[in-house]
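Scroll down for the structure; my scribbles are underneath it.
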Amino acid sequence: MDILTQFTGIVNDVLWTYVLVIMLLGCAFWFTLKTKCVQFRMIGEMVRLLGDSTGKAEGREHHISSFQAFAVSIASRVGTGNLAGVATAITLGGPGAVFWMWVIALLGASSAFIESTLAQLYKVHGHNSFVGGPAYYMKKGLKQPWMGILFAFMLIFTFGFAFNSVQSNTICAAFEEAFNISPTLMGAILTLLTLAIIFGGIQRIAKVSSVIVPVMALGYIFLALFIVIMNVKHLPEVIELIIANAFGWEQALGGGTGIALMQGIKRGLFSNEAGMGSAPNVAASADVTHPVKQGLIQALGVFTDTLVICTCTAFIILFSGLASTGEANGIKLTQMALNNEIGNIGTIYVAVAILFFAYSSILGNYYYGEANVRYITRQKWALPVYRVSVGGMVMFGALASLDLAWSLADMAMGFMTICNLIAITLLGKYAFRLLEDYRIQKRNGIKNPVFTKGQMKDIENDLECW
């Protein structure tokens with residue numbers, strides 16, 4: 001285990017210090033420029049579209065709505081990254097890491113828009129619903145089937161295995177701290193619950209997520225806002241601390257700015273997944289009249305995750321002043337910070353909240369992997385084997401160390417993101433054209449823009465569902 005932890009640490013240093021910081025920020029700037037700041041200009045349209053769902057025609061009752069696709073993707077985004085990941089970023093990168101989390105969310109929302117719009121454009125008919133994602137647009141758009149298969153394997157490992165082990169690890173750590181329940185027992189319970197749900201398919205995942213996600217997110221946000229209001233006099237100090245640590249001379253000379261940037265981007269990406277290539281897998285399954293609709297909805301998910309929920313956690317931790325003491329890291333730091341604000345019930349509250357946050361993430365992560373297993377093979381034995389393997393990794397995460405679980409997740413996430421960013425950069429021109437078409441229809445008074453493949457004669461033969 002120690003050797004594996006050291007190896008992943010070396011790889012992550014190279015990936016996250018040089019390669020991914022440049023690629024993520026570079027692509028985010030490019031897409032923001034080319035879409036004329038779509039993530040800011042069309043935020044009103046994003047909110048309006050959230051409740052929009054196309055009618056279910058005869059024979060299409062299994063397709064899921066825009067809101068359900070949004071809920072599944074938020075289920076994956078809203079998890080340990082929001083409670084444990086933010087704490088880890090602040091511990092390792094200082095308060096300045098929060099600023100860089102904001103930056104990667106504000107700019108990265110454009111990347112989320114591009115990848116989800118492309119996923120809708122190149123989606124195909126599945127057995128019970130539409131399916132799609134990066135593997136499909138690499139095959140059909142780039143004409144590189146090998147790249148699609150490579151990405152599919154990386155996503156299966158990253159989400160089905162590595163990320164789910166992190167979610168399980170965090171749940172078990174929180175319950176051990178709050179209730180003194182052993183990780184082995186908690187891991188076994190989680191494994192059984194996970195297997196019970198994932199054998200039900202995407203419709204069951206969508207139904208569970210569309211109920212759990214709003215409840216858990218709103219509950220946590222209300223608590224965090226209450227704590228912010230109670231500490232409103234300290235809010236200017238906290239914001240000043242975040243900005244100063246992101247750009248201060250002392251931090252720059254000591255290398256702290258680079259560490260804050262790296263941790264902020266790393267944990268921000270883990271939390272909101274913008275540009276990673278994960279959310280497009282479920283975005284493709286939504287039944288909409290125009291690809292841009294789901295692109296806008298998924299961009300809104302990035303804002304919801306990072307600018308609202310992650311920020312709430314950051315403020316709670318920084319109000320407490322515990323981050324600088326080094327007494328705890330990860331989910332235990334968040335629990336201690338809440339204890340500082342609302343008493344001993346804070347530890348219990350976080351344990352229950354992380355159960356909902358992280359468990360819903362396990363379900364969302366599973367579906368991303370399932371979509372890519374189906375891409376690689378149609379053999380009937382493949383899905384049961386994958387489902388049992390996911391259950392096994394949930395149990396592994398319960399028993400693994402915190403450092404190993406996060407290092408594996410960071411490494412897998414890094415390679416997957418590189419592969420996806422290359423693809424969406426090459427295919428981005430089609431998303432730009434779709435966005436312009438959507439805007440023209442809206443300007444012409446069409447309330448419900450519609451896209452058909454005949455509008456893109458040059459790639460018409462590559463589009464199956466339009």
Side-chain angles (χ1 to χ4, degrees), residues 27 30-39 41-42 45-46 49 52-55 57 59-60 63 66 69 110-126 129-149 151-152 275 277 279-299 371 374-375 419-466:
C27 288
W30 172 247
F31 293 138
T32 297
L33 179 67
K34 292 296 289 184
T35 60
K36 300 176 183 177
C37 300
V38 64
Q39 68 269 44
R41 293 180 61 197
M42 300 187 72
E45 181 73 357
M46 295 176 193
L49 285 171
D52 181 42
S53 176
T54 58
R60 299 172 66 192
H63 294 313
S66 294
S110 63
S111 301
F113 167 79
I114 296 295
E115 63 184 359
S116 292
T117 300
L118 289 171
Q120 270 287 325
L121 181 66
Y122 289 105
K123 68 185 180 183
V124 301
H125 292 291
S129 64
F130 295 123
V131 294
Y136 292 85
Y137 55 67
M138 289 170 188
K139 177 184 178 181
K140 297 170 72 68
L142 292 179
K143 311 295 186 186
Q144 302 294 335
W146 66 268
M147 191 177 184
I149 292 174
F151 179 87
N281 292 275
V282 71
S285 65
D287 190 6
V288 293
T289 61
H290 198 291
V292 164
K293 287 185 175 182
Q294 203 61 32
L296 291 172
I297 288 173
Q298 299 306 128
R374 292 184 185 277
Y375 173 83
C419 189
N420 184 60
L421 288 177
I422 292 171
I424 64 175
T425 299
L426 295 173
L427 293 172
K429 58 186 178 181
Y430 300 118
F432 305 150
R433 286 166 59 183
L434 286 167
L435 178 58
E436 184 61 24
D437 173 70
Y438 189 88
R439 283 173 169 164
I440 289 172
Q441 291 192 47
K442 294 291 287 187
R443 282 199 298 267
N444 290 338
I446 300 174
K447 294 183 178 180
N448 186 33
V450 175
F451 172 76
T452 59
K453 60 184 178 181
Q455 294 168 246
M456 284 188 166
K457 295 291 186 182
D458 51 333
I459 59 170
E460 183 177 2
N461 293 334
D462 299 328
L463 308 182
E464 180 177 316
C465 298
W466 299 100

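Along the sequence shown, residues carry numbers from 1.
Taking both residues in full, the closest heavy atoms of Leu421 and Gly275 are given as CD2-O, 3.7 Å, listed atom of the first, atom of the second, then distance. Annotation for Ala283 and Gln298: closest pair CB-CG, 3.8 Å, computed over non-hydrogen atoms. The shortest heavy-atom contact between Gly277 and Pro134 is O-CG, 3.2 Å. The minimum heavy-atom distance linking Ala284 with Gly133 is given by the pair CB-N, 4.0 Å. Shortest non-hydrogen contact noted between Pro145 and Tyr375 is O-OH, 3.8 Å. Looking at every heavy atom in both residues, Lys293 comes nearest to Thr289 through NZ-OG1, 2.8 Å.
Between Arg439 and Lys442, the closest side-chain pair of non-hydrogen atoms is not below 4.5 Å. Between Pro280 and Gln120, every side-chain heavy-atom pair lies at or beyond the 4.5 Å cut-off. At a threshold of 4.5 Å between non-hydrogen side-chain atoms, the residues Cys27 and Thr425 count as touching. The side-chain heavy atoms of Thr35 and Ile114, taken from C-beta on, include a pair separated by under 4.5 Å. Side-chain atoms of Leu434 and Met456, non-hydrogen and from C-beta on, do get closer than 4.5 Å to each other. A heavy-atom distance below 4.5 Å is not found between the side chains of Leu435 and Thr117. Residues Ile422 and Met147 are in side-chain contact: their nearest non-hydrogen atoms beyond the backbone lie under 4.5 Å apart.
Remark: Phe451 engages His290, Trp466 in a ring pair (Phe, Tyr, Trp, His ring centres under 6.0 Å) (not counting sequence neighbours).
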Could you go through Phe31 and Phe113, starting from their C-alpha distance and side-chain angles, then the distance that decides it, and tell me whether this counts as ring pair (Phe, Tyr, Trp, His ring centres under 6.0 Å)? CA-CA 9 Å; Phe31 293 138; Phe113 167 79; 9.3 Å; no

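Under the 3.5 Å distance criterion, with hydrogens and angles disregarded, a donor-acceptor pair is assigned to the side chains of Gln39 and Thr32. When only modelled atom types and interatomic distance are considered, Asn420 and Tyr137 share a side-chain donor-acceptor pair under 3.5 Å. Donor-acceptor pairing under 3.5 Å is recorded for the side chains of Tyr438 and Glu45.
A tilted orientation is assigned to the rings of Phe130 and His125, their planes being inclined by 30° to 60°.
The residues Arg433 and Asp458 are annotated as salt-bridged, a charged nitrogen and a carboxylate oxygen being separated by less than 4.0 angstrom.
Put simply, OG1 on Thr452 and CD on Glu460 are 8.5 Å apart, with the number rounded to the nearest 0.5 Å. Atom CD of Gln294 sits about 7.5 Å away from atom OG of Ser285, to the nearest 0.5 Å. Separation of atoms CG (Leu427) and CG (Leu142) is listed at 4.0 Å; rounding is to 0.5 Å. For the atom pair CG (Leu121) and CG (Leu463), the distance works out to 4.5 Å, reported to the nearest 0.5 Å.
Tested against Asp462, the residues Lys453, Lys123, Lys139, Lys143 include a single salt bridge (Lys or Arg N to Asp or Glu O under 4.0 Å) partner, Lys143.
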